[in-house]
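As the structure is a computational prediction, the values presented were derived from the model and not from experiment. As the structure lists them, so they are numbered: ligands from 1, and atoms in each ligand from 1. Along the sequence shown, the residues carry numbers beginning at 1.
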Amino acid sequence: MKYNIDAEYLVDTFKRIADVPSVVGYAKKLNPVFEDLAKELGFSVTYDNRNTAYISVSGKNREKKIVFGAHADTIGMVVYKIENDGTLQMRTFGGVMFQSYEGESVRIMTRDGREYTGLIACKSHSPHVFEDCRSMPRDQEHMVVFLDEPVKSKEDVQALGIQNGDFIYPDPRTTLTKNGYLKSRYIDDKGAIACSYAALKYIAENKLTPECDTIFAFPYYEEKSCGGAYVPEGVSEYIAVDIGLVGPDLDGAEDKVSICSADANMPYDYDLTNKLIECAKEVGCGYALDVFYRYGTDGSASFKMGNNLRAAAFGMAVICSHGVERTHIDGLIGTTNMILEYMVRSDKND
Ligand SMILES: [Zn+2]
């Protein structure tokens, strides 16, 4: 690898942010962590009105501005209905697969700042009790949250301060194996945020000056396809750093970086994608060029919504996306290397 990335910092940063609830639109808890992390590296965070966190690095060319966007939101749920037996019905944000949540612990955040834990289970939760335990569909109609509180009625739950619309965050279950596999929910896209901070750490320690003004953006609406709807004034490139995919038709792998040439929305910018390929070759990371047709990023969203910019996308590949995902440290380090190389590489089109 061309850049010597602090892998321990990268993984520790991932663990720190993966543990903080940030279901689509819920920025209250994670933005203060972004500020702490930035301060530790000598950077500061600014915000727009959509709660997007920005960290800016001044470049040699102050006329050009680019964004690396890694979305801070995750899939998750809200309380939809409090049942008379004290269980909670849920509704989802983003591509939730309830099969992945059976038996999972969750946190529920109330509007007055209290936090409770609970367990997601199927309504027919025990084979010793329910004939249809194995056959009942695992979906939002048939799965509920059992609060870890002695509640017997709707009123008991309401007395805790829990209301409809409160966010529900399934536990991340983060583990790193000895041989470098990172298993966790929310590698999509907190893996990319951890890479962004690892790149910022390298920039700070090595006094690296990018070619142009570079903004790291952490928006909160990607899982509803509009995290990139707004971009700061003057930004001409939106580079989404987001998960790559692994599958029988794809060349991606967990220890490689995926460069997405097209997604469900559109093909990405031809020249920027070429630049990403050059960066991958330069830093010597394994990479794959793939088409993800059941997938989108804030990059293509920013383009589709009419911003006057070019878009591209790349990032660490995962298996089991939107479940307990898995990637490899080599993919994360490769992604960080590519961010840095992209920043210092002069653009032939300028
Ligand atoms: Zn994502």
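- Within a 6.0 Å sphere centred on CZ of Phe130, heavy atoms belonging to other residues, nucleotides or ligands number more than 12.
- Counting side-chain heavy-atom gaps under 4.5 Å among Ile, Leu, Val, Met, Phe, Trp and Tyr, the cluster of Val145 also holds Ile75, Met77, Val79, Ile82, Leu88, Met90, Val96, Phe98, Tyr101, Val106, Ile108, Tyr116, Ile120, Met143, Leu147, Val151, Val157, Leu160, Ile162, Ile168.
- One N or O on the side chain of Glu325 and one on the backbone of Asp188 form a donor-acceptor pair closer than 3.5 Å.
- The cluster map of Ile, Leu, Val, Met, Phe, Trp and Tyr, joined by side-chain heavy atoms under 4.5 Å apart, puts Leu276 and Tyr268 in different clusters.
- Counting only distance, with no hydrogens or angles, the side chain of Thr335 and the backbone of Met316 share a donor-acceptor pair below 3.5 Å.
- Within 6.0 Å of atom CZ in Arg50, more than 12 heavy atoms from other residues, nucleotides or ligands are found, so the atom counts as buried in its surroundings.
- The tally of protein N/O/S atoms under 2.8 Å from the Zn ion (ligand 1) stands at 4.
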